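All figures in this text were calculated on a predicted structure; none of them were measured in a lab.
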Amino acid sequence: MSPPGPVLLMVDDRASSFARHAARTLPDHLVLLRFDEARADLSAEHLHRTAHLPAFWVRAGVPLEQEAARYRQWAAGLPVAPSRFCNPSEPRQVVAQRFAALAGLPHLTAQQVSWVRDKAVMKRRFRELGLRTAEFAQVRTAGEIERFAAEHGWPLVLKPVDSFACVDTHRLDGPEALAAVDLTARDWMVEQFLGGVEWEVCAIILQGEVLDAWPSAMPCRPLDIVEGAMNANISVGTDEAPPVDLRALLQRIVTGMGIDHGYAHMEFFLIDGEPYAGEIGLRLAGCEIPANHGHAYGFDVFGATLDVYRGRRPDLSYRQRQCAGDLLLPLPESGTVRRITPVEELLRAPGVVDAVLKVGVGDAVSARRASHNASGYVHVVGASIEEVERRMRAVLGAFVIELAPAPVLEGDR
């Protein structure tokens, strides 16, 4: 039986571990919000697993006001209409929060969405709150980028203001790199390339209070990951955590942005002992980072997240303290899978406590330049960051995926 409490309307635009947990633990208190434009991203398996839940589909090409009115009428026919809202999707942040507002549910305001979605607006807000950031500027032309470089030096980081998962994000080592970028395609910003150590931190928030913050080490930077480096995050439940009051850092942002509740995910750089704010998202972290925290601290991280979105105080009783990470398994190119290391073999590797393959033999797969590009993942635990990373590299060394090249279509010749 699912726990009592309010019914939650949750955006469902991909088959995530969080979505599966919610569907399993809140069968009588969960309603799904889906968008026609994202239908292709929901597999037949995911739709089958969630078929027991009521789901409202927002039609493409129809005014959102009209769809929200249709939703209110539809929800009135449910045993209990949702009174709380959760959006775990970064790309649908704008439309999802606006829909929630039109549906009369708790939501982020347009200003708050801008703070957590538009990276240039976000960094200006960070500075208003007294946080250090990289130097940055919005740009439209190669000339503007070169003038920024003349002041701050190469390399630079060029990114769309509304990107995520490093999609269309580039390190520019000199002006010659600009030839490969279409500056008319997106709204762009450029920022100073920071040294130091890049970290990640997650937090859950209730009634404007940061209840706790969980740091993650990043063996390789995201910009290196999309170029082929090991794709991993390691939740640090030990005394190896960075020497920063992360809860206070996030509380300053949460208070300054007027955030009432939710899950926050943030990257920051530690330079000479001082934190520099990178980016923040008010939604679950990508890849399998939240699950890492559950393995590191020995608690139900997804249940705690669902609690704060339902307006309930979560149980943060930790049963252990260790390091635990997610290693995303490579998907080096597009094609058809001919061979892949089976789950049973992955689970026999030292420190591996969970393994999931997203693809199997015979599947057609498409690789993309994004930090979540993967054929699957494993969760690896250990007594230290070094031990977890060493175990991850051993898994990578033994992992095999062989692909037959994707057929060349006549129109692509």
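- Residues L284 and H265 form no side-chain contact, since every pair of their non-hydrogen atoms from C-beta on lies 4.5 Å or further apart.
- Salt bridge R368/E333: absent, no basic N to carboxylate O contact under 4.0 Å.
- Between the T341 side chain and the V400 main chain, a donor and an acceptor come within less than 3.5 Å of each other.
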Subject >> Step-by-step side chain to side chain donor-acceptor pair (under 3.5 Å) determination, S43 to R49 >> reply: CA-CA 10 Å; S43 66; R49 283 189 177 189; over 6 Å; no
Subject >> CA sep, side-chain torsions, deciding dist, call: Y71, F99, ring pair (Phe, Tyr, Trp, His ring centres under 6.0 Å) >> reply: CA-CA 10 Å; Y71 162 79; F99 183 92; 5.5 Å; yes
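- The pair K159-E191 meets the salt-bridge criterion, since a charged nitrogen lies less than 4.0 angstrom from a carboxylate oxygen.
- Within the 3.5 Å criterion, the main-chain N or O of A110 finds no donor-acceptor partner in the side chain of S114.
- Using a distance-only test at 3.5 Å, with no hydrogens or angles considered, a donor-acceptor pair links the side chain of E144 to the main chain of T141.
- No side-chain heavy atom of F399 sits less than 4.5 Å from a side-chain heavy atom of E345.
- You'll find the side chain of C86 stays beyond 4.5 Å of the side chain of V11, heavy atoms only.
- Here the closest heavy-atom approach between residue A355 and residue V378 is recorded as CB-CG1, 3.8 Å.
- Each of Q93, K119, R186 was evaluated against D162; a single residue qualifies, R186, per the side chain to side chain donor-acceptor pair (under 3.5 Å) test.
- Looking at F268 and E200, their side chains never come closer than 4.5 Å, going by heavy atoms from C-beta outward.
- Annotation: cation-pi geometry satisfied between R39 and W57 (NZ/CZ under 6.0 angstrom from ring centroid, within 45° of ring axis).
- The closest side-chain heavy-atom distance from V201 to S216 is not below 4.5 Å.
- A donor-acceptor pair under 3.5 Å is absent between the side-chain atoms of Q97 and the main chain of H107, judged by distance alone.
- Ion pairing between a basic and an acidic side chain is recognised when a charged N comes within 4.0 Å of a carboxylate O; R72 and E67 show no such pairing.
- If you check the side chains of S384 and R390, you find no donor sitting under 3.5 Å from an acceptor.
- Ionic pairing of R59 and D36 is not present here: no N-O contact between side-chain nitrogen and carboxylate oxygen is shorter than 4.0 angstrom.
- Under the 4.0 Å criterion applied to side-chain N and carboxylate O atoms, E90 and R117 are assigned as salt-bridge partners.
- Ring geometry for H372 versus F164: interplanar angle under 30°, hence parallel rather than tilted (30 to 60°).
- In this structure, R140 places its CZ atom where only 12 or fewer heavy-atom neighbours from other residues, nucleotides or ligands lie under 6.0 Å away.
- Within 6.0 Å of atom CG in D187, 12 or fewer heavy atoms from other residues, nucleotides or ligands are found, so the atom counts as exposed in its surroundings.
- Relative ring orientation between F148 and H152 is described as tilted, the plane-to-plane angle lying within the 30° to 60° band.
- Judged by distance alone, the side chains of R14 and S89 never bring a donor and an acceptor atom under 3.5 Å apart.
- At a cut-off of 3.5 Å, with distance as the only test, no side-chain donor of H261 or Q207 sits close to an acceptor on the other residue.
- Annotation: Q73, atom CD; neighbour count of heavy atoms from other residues, nucleotides and ligands within 6.0 Å does not exceed 12.
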**OP:** Kindly determine whether L158 and L183 satisfy side chain to side chain contact (heavy atoms under 4.5 Å, CB included), including the steps that lead there.
**Re:** CA-CA 10 Å; L158 178 71; L183 294 174; 4.1 Å; yes
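- At least one side-chain heavy atom of F18 sits less than 4.5 Å from a side-chain heavy atom of L306.
- Between R348 and E344 there is no salt bridge, since no side-chain N of the basic residue sits under 4.0 Å from a carboxylate O of the acidic one.
- No side-chain donor-acceptor contact under 3.5 Å links N87 and Y309.
- Looking at L64 and L102, their side chains come closer than 4.5 Å, going by heavy atoms from C-beta outward.
- Distance alone, capped at 3.5 Å, places no donor-acceptor pair between the E198 side chain and the E267 backbone.
- Between the side chain of R319 and the backbone N or O of G298, at least one donor-acceptor pair lies under 3.5 Å.
- Rounding to the nearest 0.5 Å gives a distance of 14.0 Å between NE2 of H295 and CD1 of I234.
- In terms of modelled atom types and a separation under 3.5 Å, the side chain of E387 and the main chain of A383 share a donor-acceptor contact.
- Judged by distance alone, the side chains of T238 and Q322 never bring a donor and an acceptor atom under 3.5 Å apart.
- Of the possible donor and acceptor atoms, one in the side chain of H52 sits under 3.5 Å from a partner among the backbone N and O of A23.
- We find that R391 and E386 are not joined by a salt bridge, their nearest charged nitrogen and carboxylate oxygen being 4.0 Å or further apart.
- Although no hydrogens or angles enter the test, the distance criterion places no donor-acceptor pair under 3.5 Å between the side chain of S235 and the main chain of A324.
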**OP:** Report the C-alpha distance between H379 and Y377 in whole Å, list the side-chain angles of each, state the deciding distance to 0.1 Å, and finish with yes or no for ring pair (Phe, Tyr, Trp, His ring centres under 6.0 Å).
**Re:** CA-CA 7 Å; H379 284 293; Y377 60 87; 5.5 Å; yes
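- Salt-bridge check for R98 with E65: passed, with a basic side-chain N closer than 4.0 Å to an acidic carboxylate O.
- More than 12 heavy atoms of other residues, nucleotides or ligands shown are found within 6.0 angstrom of CD on E128.
- Cation-pi check for R171 over F193 is met; the charged atom lies under 6.0 angstrom from the ring centroid and within 45 degrees of its normal.
- For the residue pair T255 / Q251, a side-chain donor-acceptor distance below 3.5 Å is found, with atom types taken as modelled.
- Rounding to the nearest 0.5 Å places CD1 of I401 at 8.5 Å from CG of L329.
- Aromatic ring pairs are classed by plane angle as parallel below 30°, tilted from 30° to 60° and perpendicular above 60°; the pair F299 and W214 is tilted.
- Here the side chain of S334 pairs a donor or acceptor atom with the backbone of A367 at under 3.5 angstrom.
- Using a 4.5 Å heavy-atom threshold, the side chains of V365 and L331 count as touching.
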Original post:
Hey, mind stepping through D212 and Y318 against side chain to side chain donor-acceptor pair (under 3.5 Å) and telling me if it holds?
Top reply: CA-CA 11 Å; D212 208 350; Y318 303 146; 2.6 Å; yes
